[in-house]
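To keep things clear, I will list the structure first and then write my remarks on it.
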Amino acid sequence: MTVTLADVAARAQVSPATVSRVLNGNYPVAASTRERVLKAVDELDYVLNGPASALAAATSDLVGILVNDIADPFFGIMASAIQSEIGGPGGRAGGERLAVVCNTGGSPERELTYLTLLQRQRAAAVVLTGGAIEDAQHKAAMDAKLRKLADAGTRVVLCGRPQAPETGAIALTFDNRGGGQELTEHLIRLGHRRLGYIAGPEERTTTRDRLEGHRDALAAHGIEEDPRWTVHGRYDRRSGYEATLELLRRDPSLTAVVAANDSVALGACAALRESGRRIPDDVSVAGFDDLPFSIDAVPALTTVRLPLTEAGARAGRIAMGREEPPPGGIASVRGELMVRGSTAGPRG
């Protein structure tokens, strides 16, 4: 049943005119009244009618792109590729679409808030990038929100994020587990048996998948994982630096460090050098994603290349209806192992 302005007014115990003033922001309203109205809007999941130009159509010319951190090249590359496919014919006003990049900062609450705002504006499409948060309550809220968006005519595309069954969303997923396994198997083939692993935040699906791939490789070669060899942290350089120092403290005999992504790997390299270890002579280092700076590192990083630009562009075309969705609404993209100078066989 559709929630109306009158329903919100009744819940907040104010007049419909007051609700309209709060939502439109065109008239002073007492702070306490405003809070009651906004609370009622959230509780009832009321969808505010967007601009007048959007009222005559199912959707507006707005396209939302959700990213964890726009300063992270992983997300910046995908967002740029998505946006490159959004401009051009397709919208009503001059044939253009307006792309809005929403930076969640990894916050589950902000992720849901942005989706609600895009729903209220009747967005033509929403593209969510990167891994999801592994929390049952948040997942249920996200699935419900994505279903509402899709039911209202918004195209929903997940790029680099696990499929969300029964939401109507199209998923272009990355095979993080397969890539993680291939990367570790490369190091094992070189002769490494004592491998430290710097994982990302424990609550992210990307972290789980890459770590499971690493463990798959260890198990396949009969290598028992030492609990000391895994440290969790953020997906940034500082985390890689701090985690590597901790790994060396726990086990100075490690011959290789596998990092959650390339930024983390750079931090690992800095920590190893400060500790007097040479790369790869003393310790090999491997990353993930093949971000632009990876090949310029000294030595160049061995990593798994994810086709971020290609996947982002495809997500943008699907979001705009210029490319058919993959069969079954899901396509898995495998990464490519890039062997470079940061890995070699252990000495001695």
Side-chain angles (χ1 to χ4, degrees), residues 57-70 72 74-91 96-104 108 110-133 138-139 141-176 204-206 209 289 306-335:
T59 59
S60 68
D61 290 326
L62 183 69
V63 176
I65 304 171
L66 269 67
V67 301
N68 189 329
D69 180 5
I70 194 62
D72 184 335
F74 178 89
F75 293 99
I77 290 169
M78 281 194 290
S80 177
I82 294 165
Q83 189 166 3
S84 71
E85 296 292 339
I86 287 173
E96 296 290 332
R97 301 278 192 185
L98 174 64
V100 176
V101 178
C102 305
N103 195 76
T104 69
R110 289 174 71 180
E111 191 171 53
L112 286 167
T113 297
Y114 280 130
L115 290 178
T116 298
L117 293 172
L118 291 166
Q119 180 186 6
R120 290 175 184 170
Q121 294 299 319
R122 301 174 184 263
V126 174
V127 183
L128 295 89
T129 64
I133 297 170
H138 179 66
K139 183 180 184 303
M142 284 291 293
D143 286 354
K145 185 65 67 178
L146 295 181
R147 277 195 299 271
K148 287 188 177 182
L149 282 163
D151 290 345
T154 297
R155 292 193 187 94
V156 181
V157 183
L158 312 177
C159 185
R161 178 176 289 229
Q163 186 183 29
E166 301 179 2
T167 65
I170 306 302
L172 305 179
T173 67
F174 295 141
D175 183 12
N176 286 303
R204 310 297 301 195
T205 55
T206 301
D209 291 341
D289 295 334
L306 290 181
L308 301 176
T309 299
E310 296 86 343
R314 187 181 183 190
R317 291 193 297 272
I318 293 172
M320 292 298 93
R322 295 203 295 269
E323 180 174 325
E324 288 295 315
I330 181 172
S332 180
V333 181
R334 179 102 188 211

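Predicted model, so just to flag it, every value in this text is computed and none were measured.
- Among residues two or more places apart in sequence or in another chain, the side-chain hydrogen bond (donor to acceptor under 3.5 Å, both in side chains) test is passed with Glu111 by His138, Arg161.
- Of the inter-residue distances, the one linking Lys139 atom NZ with Leu146 atom CG reads 9.5 Å to the nearest 0.5 angstrom.
- Ala79 is linked by a side-chain contact (heavy atoms from CB on, under 4.5 Å) to Ile65, Val67, Ile70, counting only residues two or more places apart in sequence or in another chain.
- Atom CG in Leu112 sits 7.0 Å away from atom NZ in Lys145 (nearest 0.5 Å).
- Listed by first and then second residue, the side-chain hydrogen bond (donor to acceptor under 3.5 Å, both in side chains) pairs that reach into residues 323-333 are Arg314-Glu323, Arg317-Glu323, sequence neighbours excluded.
- With Thr205 contributing its side chain and Ala132 its backbone, the two residues share a donor-acceptor pair below 3.5 Å.
- Taking 4.5 Å as the limit, some side-chain heavy atom of Met142 sits within range of a side-chain heavy atom of Leu115.
- Residues satisfying the salt bridge (charged side-chain N to carboxylate O under 4.0 Å, His left out) test with Asp175, not counting sequence neighbours, are Arg334.
- Contact check for Val126 versus Tyr114: no side-chain heavy atoms found under the 4.5 Å cut-off.
- Among residues two or more places apart in sequence or in another chain, the side-chain contact (heavy atoms from CB on, under 4.5 Å) test is passed with Arg155 by Ala125.
- For the atom pair CG (Asn103) and CG (Asn68), the distance works out to 7.5 Å, reported to the nearest 0.5 Å.
- Contact between Ala150 and Gly168 at its shortest, heavy atoms only, is CB-CA, 4.4 Å.
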Worked verdict on Leu62 versus Leu118 for side chain to side chain contact (heavy atoms under 4.5 Å, CB included): CA-CA 8 Å; Leu62 183 69; Leu118 291 166; 3.9 Å; yes
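- Taking the side-chain hydrogen bond (donor to acceptor under 3.5 Å, both in side chains) definition, one finds that Lys148 meets it with Asp45, sequence neighbours left out.
- Contact check for Gln121 versus Val100: no side-chain heavy atoms found under the 4.5 Å cut-off.
- Of all non-hydrogen atoms in Val127 and Ala315, the two that sit nearest each other are CG1-CB, 4.2 Å.
- Between the OG1 atom in Thr206 and the CZ atom in Phe174 there is a gap of 9.0 Å [rounded to 0.5 Å].
- In this structure, Leu172 and Pro326 have side chains that are in contact, with non-hydrogen atoms separated by less than 4.5 Å.
- With sequence neighbours left out, Ala144 forms a side-chain contact (heavy atoms from CB on, under 4.5 Å) with Arg147.
- For Ile330, the side-chain contact (heavy atoms from CB on, under 4.5 Å) test picks out Gln163, Ala171, Thr173, with sequence neighbours left out.
- Put simply, the side chain of Arg122 does not reach to within 4.5 Å of the side chain of Thr154, judged on heavy atoms.
- You'll find the side chain of Ile82 stays beyond 4.5 Å of the side chain of Val157, heavy atoms only.
- The CG atom of Asp289 sits 8.5 Å away from the CD1 atom of Ile77 when rounded to the nearest 0.5 Å.
- Shortest non-hydrogen contact noted between Gly130 and Phe75 is CA-CE2, 3.8 Å.
- Panel note: side chain Arg204, backbone Gly131; a donor-acceptor pair is recorded below 3.5 Å.
- Shortest non-hydrogen contact noted between Val63 and Arg97 is CG2-CB, 4.3 Å.
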Does the side chain to side chain contact (heavy atoms under 4.5 Å, CB included) test come out yes or no for Thr116 and Thr113, once each step is laid out? CA-CA 5 Å; Thr116 298; Thr113 297; 5.7 Å; no
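- Between the side chain of Thr129 and the backbone N or O of Leu66, at least one donor-acceptor pair lies under 3.5 Å.
- In this structure, CD in Glu310 is found 8.0 Å from CG in Leu308, a value given to the nearest 0.5 Å.
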